[in-house]
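Below is one structure, written out as structure tokens; the observations come after it.
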Amino acid sequence: MMNSVEVTGLVVVRGGHEVLHGVDFTLSSGQITGLLGPSGCGKTTLMRALVGVQGGVRGRVTVLGDAAGSASLRRRVGYVTQAPAVYGDLSIAENLGYFASVMGVTRDRVGAVLEQVALADLGGQLVRTLSGGQVARVSLATALLATPELLVLDEPTVGLDPVLRRDLWALFRSLADAGCTLLVSSHVMDEAVRCDRLLLMREGRLVADDSPSGLLRRTGARDVEGAFLAIAEAAA
Amino acid sequence: MSARVTLATARRVLTQLRRDRRTVALLLVVPVLLLSLLRYVYDARPDVFDHVGGPLLALFPFITMFLVTSVAMLRERTTGTLERLLTTPLGRGDLLFGYALAFGLVALVQTSVASAVALGPLGLDLAATPALVVLLAVLDALLGMALGLNLSAFARTEFQAVQFLPAFVLPQLLLCGLFAPRDAMAPLLRRLSEVFPLTYAVDGMQRLSADGSVTGLVARDLAVVAGASVLALALGSLTLQRRSA
């Protein structure tokens, strides 16, 4: 299996504080990797380093064969921030139309991604009149426009109702099956079972890198939450 | 840079503005109201109205575009859309020129309306042709836009962004020669007024008001305002960093 992402010795310093202390991992193509850990442990910083918007980065971050943030990657990597990055005063279709022009894809992609995130009926609605979960899906749709090879999703399922959450995970799975590499962060441990692989993170370090079943076997825990606790306590 | 992305950005900015009907109304009506007010403040002194009316036509687009751009750009930063855009193939020039195109167009409409009312019903007597007045006013709007874009990088909140108007624009306004002749100022202030771009914007409009022909000095004023806008836009592009803490 090919590696889409290779990270070695990643250190990030923000405002004089080191927030990532030498992180190493790889992401395999066509897999969903979950990045789990408590809020504030450095998940977002790690994701920002992958997409090349994080400053104060040391170490080597290679994405799809190029250095993270290279101009050649901007069409190949999709990034969905935790707070939806869309224009509230534009309609869903206007938002996607603008991002389609920016990404250089044809207009028929707009309809296609709206189907994928189940917003096809709401195209004309202003984004500021939508619910939080709908806005999050508009933001996700903008990242799907250019059919990215790597999709970095920062807490994409926060606040969604269980049915939608299941549908989105089904979408992530179908994207992975089509060859896309996904890195999905969450602080909800029960989403872990839907991933092929898990990176557990705590206080700026990766404390585990394993498949969900491997993690449970190794720690003897019943669920990922238990495994996380076992690892954290063993480290203390 | 790509023409497709620049045009798409300009259209997007204009669509957003169109959704905010009240702002559009304020942009178009306030200059007309203020000019009308001034006309009757100087009811008995039409010569004074002629003297300050022209420069004011240049100042309205400068001030409004300064404010609108600093708030719009701050919103792009705080809502995360700027960071999102910078992870796409969009170039910084696409964003800057997209904004310049959109707000330049708004300034064109704003100045045309204000000039039409001032030169028509209000009886403002300017020596220059209206087209020249509108041209200088649009350049002033772009200068205001470029300065607003720059300063928005130093504001964390919309409160701060709005405070930059008195902090950075009022000193230029006081020293630009509209309130007191620059020759009468303390030498240090006169020097200072010579490096403020707004001085040339107002100076150009004063010359156009008094004398309709494009003299070398008017051309100099136009060039300084255009040059300062380009410089401010170039500096502004430096504030759009892909990588941030």
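What you see is a predicted model; the values in this text were computed from it and never measured. Chain A is the first sequence line, chain B the second, and so forth, proteins listed ahead of strands; every chain is numbered from 1.
When heavy atoms are compared at a cutoff of 4.5 Å, A/T142 approaches chain B by way of both its backbone and its side chain. Looking at A/V13, neither its backbone nor its side chain comes within 4.5 Å of chain B, counting heavy atoms on both sides. Both the backbone and the side chain of B/T9 come within contact range of chain A, with heavy atoms under 4.5 Å apart. Using a 4.5 Å cut-off between heavy atoms, A/V86 contacts chain B through its backbone alone, with no side-chain atom that close. The parts of B/L90 that come within reach of chain A are both its backbone and its side chain, each placing non-hydrogen atoms under 4.5 angstrom from that chain. Proximity to chain B (any heavy atom under 4.5 Å) is shown, for A/A143, by both the backbone and the side chain. With a threshold of 4.5 angstrom between heavy atoms, A/L73 does not approach chain B through any atom at all.
Rounding to the nearest 0.5 Å places CZ of B/R75 at 7.0 Å from CG of A/D89. To the nearest 0.5 Å, the span separating CG on A/N95 from OG1 on B/T15 amounts to 10.5 Å.
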**OP:** Tell me, with the steps shown, if A/Y87 and B/E76 meet side chain to side chain contact (heavy atoms under 4.5 Å, CB included).
**Re:** CA-CA 9 Å; A/Y87 299 100; B/E76 293 252 26; 2.7 Å; yes
Subject >> Candidate pair A/L90 and B/R19, rule side chain to side chain contact (heavy atoms under 4.5 Å, CB included), full reasoning >> reply: CA-CA 8 Å; A/L90 296 183; B/R19 290 282 143 69; 4.2 Å; yes
**OP:** Report the C-alpha separation of A/Q54 and B/S244 in whole Å, then their side-chain angles, then the decisive distance to 0.1 Å, and conclude whether the side chain to side chain contact (heavy atoms under 4.5 Å, CB included) test is met.
**Re:** CA-CA 5 Å; A/Q54 180 65 50; B/S244 59; over 6 Å; no
**OP:** Could you give me the CA-CA distance, side-chain angles and deciding distance for B/R243 and A/V53, then say whether side chain to side chain contact (heavy atoms under 4.5 Å, CB included) is met?
**Re:** CA-CA 4 Å; B/R243 285 184 187 271; A/V53 294; 5.6 Å; no
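No other option in A/R48, A/R75, A/R14 has as many heavy-atom pairs under 4.5 Å with chain B as A/R48. The residue among B/T79, B/L82, B/T87 with the most heavy atom pairs within less than 4.5 Å of chain A is B/T87.
Looking at every heavy atom in both residues, B/T88 comes nearest to A/R74 through O-CD, 3.0 Å. Nearest approach of B/E83 to A/Y79, heavy atoms of both residues: OE2-CE2, 3.9 Å. B/T81 and A/A85 get closest at one heavy-atom pair: CG2-C, 3.6 Å.
B/R84 forms a cation-pi arrangement with A/F99, by the criterion of a distance under 6.0 Å to the ring centre and an angle within 45° of the ring axis.
Atom CZ of A/R109 has more than 12 neighbouring heavy atoms from other residues, nucleotides or ligands inside a 6.0 Å radius. More than 12 heavy atoms of other shown residues, nucleotides or ligands fall within 6.0 angstrom of atom CZ in B/F164.
Residues A/Y98 and B/V13 have side chains not in contact (no heavy-atom distance under 4.5 Å, counting atoms from C-beta outward).
Counting only distance, with no hydrogens or angles, the side chain of B/R4 and the backbone of A/S101 share a donor-acceptor pair below 3.5 Å.
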